[in-house]
Every structure is written in C-alpha cells, then in structure tokens.
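Heads up: the structure comes next, in structure tokens.
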There are 2 protein chains.
Amino acid sequence: MKAAERQLRIRQMLESRDFIDSETLGRELDASESSVRRDLDILEQEGVLRRVYGGAVSVQVPPTRAFDYAVESVRLSDEKSRIGRLAAGLIEDGQTVILDGGSTVAAVAGQLASKSLHIVTNSLPIAEGLESLRNIELTLTGGYLDPRSRVLLGPFCEQMLGAIRADAVIMGIGGINETGLSNNNTLVVGSEQKMIAVAARVIIVADHTKFGRGGMIPVAPLAAAHIVVSDAALRPEYVAMLRDHGIDVLLA
Amino acid sequence: MKAAERQLRIRQMLESRDFIDSETLGRELDASESSVRRDLDILEQEGVLRRVYGGAVSVQVPPTRAFDYAVESVRLSDEKSRIGRLAAGLIEDGQTVILDGGSTVAAVAGQLASKSLHIVTNSLPIAEGLESLRNIELTLTGGYLDPRSRVLLGPFCEQMLGAIRADAVIMGIGGINETGLSNNNTLVVGSEQKMIAVAARVIIVADHTKFGRGGMIPVAPLAAAHIVVSDAALRPEYVAMLRDHGIDVLLA
DNA sequence: ACAGACGATGAAAGCTGCTGAACGGCAACT
DNA sequence: AGTTGCCGTTCAGCAGCTTTCATCGTCTGT
C-alpha cells in the first residue's frame, strides 16, 4: 500500500471515528508504525487531524459550539454523531444538499459546518444551527410550521421542493424493512417524497433500531435510496437486504 | 485506551449526563482513577467541565441567544410597543395576516399573541416568537435566509406569497414621503411588493422618524397603503398628506 | 540496459511522557 | 472525634515518540 493510499484511508477512518491509535492504524493499513506516524505528520500539516499521544484525533469544526444551540434539547448519542460524521463525508464542497428534519439529520448538519455548501432544509432547528456560518448558503422551504417537530410542511413546502434540484438529500426515517422506507408522522411524508424526487443522490441516515420496524405511512420503496448510513450494530441480514437492492451501506 | 480517546469519551458522556463520578469513569474507560483524574484536570482547564468532589459536572454553555433577545427588547422603545398594541387591535380573530420583518412589526407580533390567527411571515425572529402559541397557526415563506436580518427572501419567497391571499399585511418600512413607501434593503423589496399585492388590507407601521425620509428603493406608491400606524410625535402635515391619499392614520 | 539518485520504508536506539499503584492529607458524613 | 472515601503527589515501569540508518523500489539520464 502506497503512502497516498494510506493517507486516504486514514481520512476515511476519521470520518467515522474521533480517535485512532497508531497501533490499530499500523495493523489495518498493513504498514509499520513508522510509516503511519509519517502519514499522520503529513495529514496534520494539511489540517485534517491533530496528532496526540497514542494516535490522532480528527479535527472537526467544533460541533459543540457551532451547533449546540439547535440541538441543545436533543442529546446526541455517540452512535448518531458517528453516523453524522460518516454521512457528512459523502458531501463535497460546492454541492446543493437538502436536509430533512430529525435528530439524526441534525447530527449530520453539525458535521457539515466546515464545508462550503448550499443547504435547503425544512427544519427550523437545523436552519438555526447553520445560519451563522458564512460558508453555508441557506434556503428554507416554506410551509406550515409544525409546532412539535419545528419542521415546515404542507403543499407550499412540497411545491417549493418541486421547483429545485439538488445533488443530494440527507434524510432520516422512521422505519426500514423489506417493504421500503416508512414514517410515523403523516404530514412529513409528502415533503420527503418530493425531496427524494428532486435529489440526484438519496442518502438515508438511520441507527440500527430503525431496521425491521415498519412505520405507519410508507414513504418510498427501498430502491429509492442510493446510500444508507447506519451504525455498527446493524444486523448483517439487513446489510445484505440493502445490498441486494443495489444500495451502498456504510456503517459508522 | 489512550488519553486523548478517554477525554473524548468523557466529553461525550457529559452530553447526556450532568454529573459523572470518578469511579464510574474509571470503570467505563477501563483506566485507573489516577488517569481519570488527570483527564478531568485537563478538561477542566479547557473549560469543558468543572471538577467537584467525587467527579465532575458539565459546564453549561452560556446562552448567547439570551443576549440577542436582550438587545432586541432594549431597543424596543416605548413608542414601538404602543404602535404595536394599536396595530394589533386592527386584527380580528380568525384572520390570515402576513407579517413582514423588522423590529416594529415584531412589536406588533408580540401583541397578537392572544388572538387566534393564521400568521404568514418571512421573518425567523417573528416565527420563533410565535411558534409556541397554540392559538396561532404559523406558515413561513420559503426562500434564501439572509443571515443579517434573518428574513427569508428571493424568488421562492415571492412565488409562495403570490400563491396565497391574506386579510391583511402588517409591514414596516424604511421611509415614507410624498413619493411613496421606500426601503433600504434591496433584497426585501420584491417580497414586500408581493405582500402588498396579495393582502386585502395593507397596514404600515412606522414611527415618526421614518417620515420625510426617502429610502433607496421605492416599494410602492402611497396609495398602496390602507392604514398607517405611527406615534403621537408625527407632524400634522404628514397626517394630512396621508389622509389626502385616502389613508387612515392612527397615532399611538 | 545500466548506473546512480532519490524517496519511501521498516527496524533499532535512545528519549519523552503517560500510566497505575502507593501513600499521606483532607473533606464529608456520622 | 472517628470513619470513610476522595484527592494530590510521587515514583517506578513502560508504551509510544523521534531520530537515525540500512534497505528496497522507482525514476532518470546516459
């Protein structure tokens, strides 16, 4: 394995982990710890990570400061923040991205803070978390404001979503099983279907507890999703099911 | 487990817990209590937590939001709140009302809290002020979020406004003189023109300092307004000018 | 095709700094 | 005042870091 490839792999690993120790890196990359250390030096100079005793930590734009206001009530579990980081890694500078509501998507939003993006969202908490960032151009959908979830809904929201095109949509979901994606909130389903329709890539974020569950309202068949990001506790049969449908599965 | 990783885990644990005792930390992190104590020292220096006897408590983030609101309410002068009360009296239960952005309009919004209304607004601060009220149905326009004024703008906003009808619009304004209403913020003008077009009654709220001023961008001729609400310090010639155009003038 | 230069790699040596255990002191509770 | 439990300090041991060097593969010029 060449140096450039190792460094790429290290970058990827840091998308889903806060910290990696040198020993693990050496083993996973099949290289000596000397080489790993050299790679870490280079990546540190590039600002990708920070070297610490025992390994390296990923240098994130402190989500604890940039985004906490929006999600102060929603305690982010470890799993969700790992999913967030991994999903955020799928988005590249300059893209237009639709963000659905929901706490898992909010976790992704926090990790997008360092990128230059055009974000379209119907979620007020997410908008509030991102609005102060100069590198993010923020567009809200219109619509009725649901006071419980603080999400914009209804025909105006759908109409506006129908008028745009996006590189990707990042969407949370109530339940996933072999029959497809589903949700329990009746009102958001229409907007979510529109989001899927206008986005070139559909990225579903869902922790492992969402699998096997069927929500009340079907949203879309499995084939509508291009990428599913979940956590390591996802049972293998679900991974296989998704891959059978041609869906990329990433586990944080 | 390395020091850096332990400290990250401690940070995460404090996201969901206010207090952690040293013994639990030592067990969960698989490290000696000595090491845990050292970590806590470091994290305390970084301001993440505060050490207490038996463990550590998370240090709550100072709410910068409260500062914003404080500034806003200080700026809300006696005149504006009187104008707000008077203008709110023009609105009846059950109506659909469009609210423009701006601090004077925000003063009106505060006085609308007791009524049962359907409010349409492009202002995030106003939406945040009203969203918790059960008697108010709230619809936001879509559009680009202007980070400075926190108002939704642009073609999506105008398109959505064009699709609705309202009983009234309550609008602040940058300047009023014999040539009409004008504003200094280029971007909001298009939305304001739409609001005027779709509302049955156009209610302009403006303290007396706005009169005689000409803003950079013309918004509408005087005749577009149906009611102007100002304060008692408004000079009589302006009252006469407005009445000559068939506009009702109310002085708070 | 061959020789030399260059960069990358892994191993070894020496050093730095982290770790856990032990111990005395102090705070909290009875 | 006594007991219990927690804290800060100290120190030996060791894991990990840096530096150095020999080796190997690749590239370049002749």
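Values in this document were obtained by computation on a predicted structure and should not be read as measured data. In what follows, every heavy atom counts, from backbone to side chain, and hydrogens, waters and symmetry copies are set aside.
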Atom CG of B:Leu25 to atom P of D:dC6: distance rounded to whole Å? 13 Å

Without placing hydrogens or testing angles, list every side-chain donor-acceptor pair under 3.5 Å for residues 186-194 of chain A, not counting sequence neighbours.
| residue | atom | partner | partner atom | Å |
| --- | --- | --- | --- | --- |
| A:Glu192 | OE1 | A:Asn183 | ND2 | 3.0 |
| A:Glu192 | OE2 | A:Asn183 | ND2 | 3.3 |
| A:Gln193 | NE2 | A:Val219 | O | 3.1 |

With A:Glu5, which residues qualify under salt bridge (Lys or Arg N to Asp or Glu O under 4.0 Å), at least two apart? none

With sugar-phosphate meaning primed atoms plus P, OP1 and OP2, does B:Gly55 contact a base, only sugar-phosphate, or nothing at under 4.0 Å between heavy atoms? sugar-phosphate

Partners passing salt bridge (Lys or Arg N to Asp or Glu O under 4.0 Å) against A:Arg201 (at least two apart in sequence or in another chain): none

Residue pairs meeting ring pair (Phe, Tyr, Trp, His ring centres under 6.0 Å), one or both in residues 157-216 of chain A, sequence neighbours left out, come to A:Phe211-A:Tyr238

State which residues pass salt bridge (Lys or Arg N to Asp or Glu O under 4.0 Å) with B:Glu33; sequence neighbours excluded, sorted by chain then number. B:Arg37

Sequence-aligned protein contact record of nucleotides 16-24 of chain C, with B where the base is within under 4.0 Å of a protein heavy atom and S where only the sugar-phosphate is: --SBBB---

Starting at atom CZ of B:Arg51, determine the distance to atom P of D:dC6, rounded to an integer number of angstrom. 12 Å

Could you give all pairs that pass the ring pair (Phe, Tyr, Trp, His ring centres under 6.0 Å) test and reach residues 212-235 of chain A, with sequence neighbours left out? none

Terminal axes of the helix from C:dA1-D:dT30 to C:dT30-D:dA1 (five pairs each): angle between them, nearest 10 degrees: 40°

Throw together a table of side-chain donor-acceptor distances under 3.5 angstrom for residues 163-172 of chain A, partners on residues two or more places apart or in other chains.
| residue | atom | partner | partner atom | Å |
| --- | --- | --- | --- | --- |
| A:Asp167 | OD2 | A:Thr96 | N | 2.8 |

